[in-house]
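Note that the structure is predicted; figures quoted are calculated from it, not measured.
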There are 2 protein chains.
Amino acid sequence: MTELDAIDAAIVRELQDDARLANNVLAARVGIAPSTCHGRVRSLFERGVIRGAHAEIDQAAIGRPLQAMISVRLRPHARGELAAFAQAMAQLPEVLNVYFLAGADDFLVHVATAGSEELREFVVNHLSGTKDVAMTETSLIFEHLRGRPAAEPRSVRPAPHA
Amino acid sequence: MTELDAIDAAIVRELQDDARLANNVLAARVGIAPSTCHGRVRSLFERGVIRGAHAEIDQAAIGRPLQAMISVRLRPHARGELAAFAQAMAQLPEVLNVYFLAGADDFLVHVATAGSEELREFVVNHLSGTKDVAMTETSLIFEHLRGRPAAEPRSVRPAPHA
DNA sequence: GCTGAAAGCACAGCGAC
DNA sequence: GTCGCTGTGCTTTCAGC
């Protein structure tokens, strides 16, 4: 697998915190020249270590103040279509995340809706009212905290010549 | 609250998909001049509609191939410190997300670890082995799908003079 | 909302170490 | 691997409209 040195790890950490960080600022922060830094960032994207950059939106500001996490269990006969089902879920405008689980439930759906009525409609129309769904359990989300960036838990090999 | 017109909504949608999109490309895509577009993006950040931009990392590539979602319930006496507890969780390097729930469980912790042993250690050291935690339930995550960008579910007022 | 100018930066390719 | 250079184009801020 693609190995990351300490500088790559630092770049990943910084971009995880702010994906729009200017290259020259990032270079200074990780202690390398801007041209080198630019090449490394490009490489991280090309190698798939950084999959993309996404803006974090205040859902309430765009008219979806109510977030919920919905546990979903499919009926046994529909388990084969689990992937297709989850994929379809992810296309719906209310859906923020779909987590495919290995446990009692088949997956979790993280949604943001305009209100409780819209949430109810979402669950009925796309989940509990569907023939493939055996069970749903909806929990409202009060708050969502992002973890602090982490890169390379262990075995970070030293940088070339920092 | 800060109102968003159709152009702001389009900008939000594009940046949700790619936060590093070049300003001139974004401007062309939403149909306004680059300088105007730049001002709107700045305004969206300043108003807090866009809270930040974060790189999406391939956790497996940085040495954390195993992800899990952990349901946590605190003991009744510890409910008052729920916010502080969750905040502390979010600081741990393994934690990607903490979802504060209103339901049977108090919160969900989304973690990425180096392996099953590290996951077990995480749960024991920071959750089940803690005096404030009443119960935990760990589900492995097979896959994580991001929802497709959505902006302004309804009541998008027309743009000024698009 | 647009245009235009000016400074700084991004980005690619180069050679040198 | 690193760094520094150059050139083109873009970003960003500032006017004024």
(request) Measure from CZ on A/Arg40 to P on D/dG1 and round the result to the nearest Å. (result) 7 Å
(request) For the pair B/Ser43 (side chain) and B/Gly39 (backbone), establish whether a donor and an acceptor sit closer than 3.5 Å, ignoring hydrogens and angles. (result) no
(request) Please report, rounded to the nearest Å, how far the C1' atom of C/dC11 is from the CG atom of A/Leu44. (result) 16 Å
(message) Donor-acceptor check, side chain of A/Thr130 to backbone of A/Asp132, threshold 3.5 angstrom: yes or no?
(response) no
(request) May I have all residue pairs that pass side chain to side chain donor-acceptor pair (under 3.5 Å) and include part of residues 20-39 of chain B, sequence neighbours excluded? (result) B/Glu14-B/Arg29
(request) Using side chain to side chain contact (heavy atoms under 4.5 Å, CB included) as the criterion, list what pairs up with A/Glu46, not counting sequence neighbours. (result) A/Arg42
What donor-acceptor contacts under 3.5 angstrom involve side-chain atoms of residues 134-144 of chain A, with partners at least two apart or in another chain?
from     : atom 1 : to      : atom 2 : distance (Å)
A/His144 : NE2    : B/Asn97 : OD1    : 2.8

Review item, side-chain donor-acceptor pairs of residues 68-77 of chain A, under 3.5 Å, at least two apart:
from    : atom 1 : to       : atom 2 : distance (Å)
A/Arg73 : NE     : A/Ala104 : O      : 3.2
A/Arg73 : NE     : A/Asp105 : OD1    : 3.3
A/Arg73 : NH2    : A/Asp105 : OD1    : 3.0
A/Arg75 : NE     : A/Lys131 : O      : 2.9

(message) Using OP1 and OP2 only, check whether a side-chain N or O of A/Thr36 sits under 4.0 Å from D/dT2.
(response) no
(request) Measure the acute angle between the ring planes of B/Tyr99 and A/His110, then classify it against the limits of 30° and 60° as parallel, tilted or perpendicular. (result) perpendicular
(request) Determine, for nucleotides 10-17 of chain D in 5'-to-3' order, which nucleotides have protein heavy atoms under 4.0 Å from the base (write B), from only the sugar-phosphate (write S), or from neither (write -). (result) SSSS----
(message) Salt bridge or not between A/Asp17 and A/Arg148? Use side-chain N to carboxylate O under 4.0 Å.
(response) yes
Contact list (N/O, under 3.5 angstrom) for nucleotides 14-17 of chain C vs protein:
none

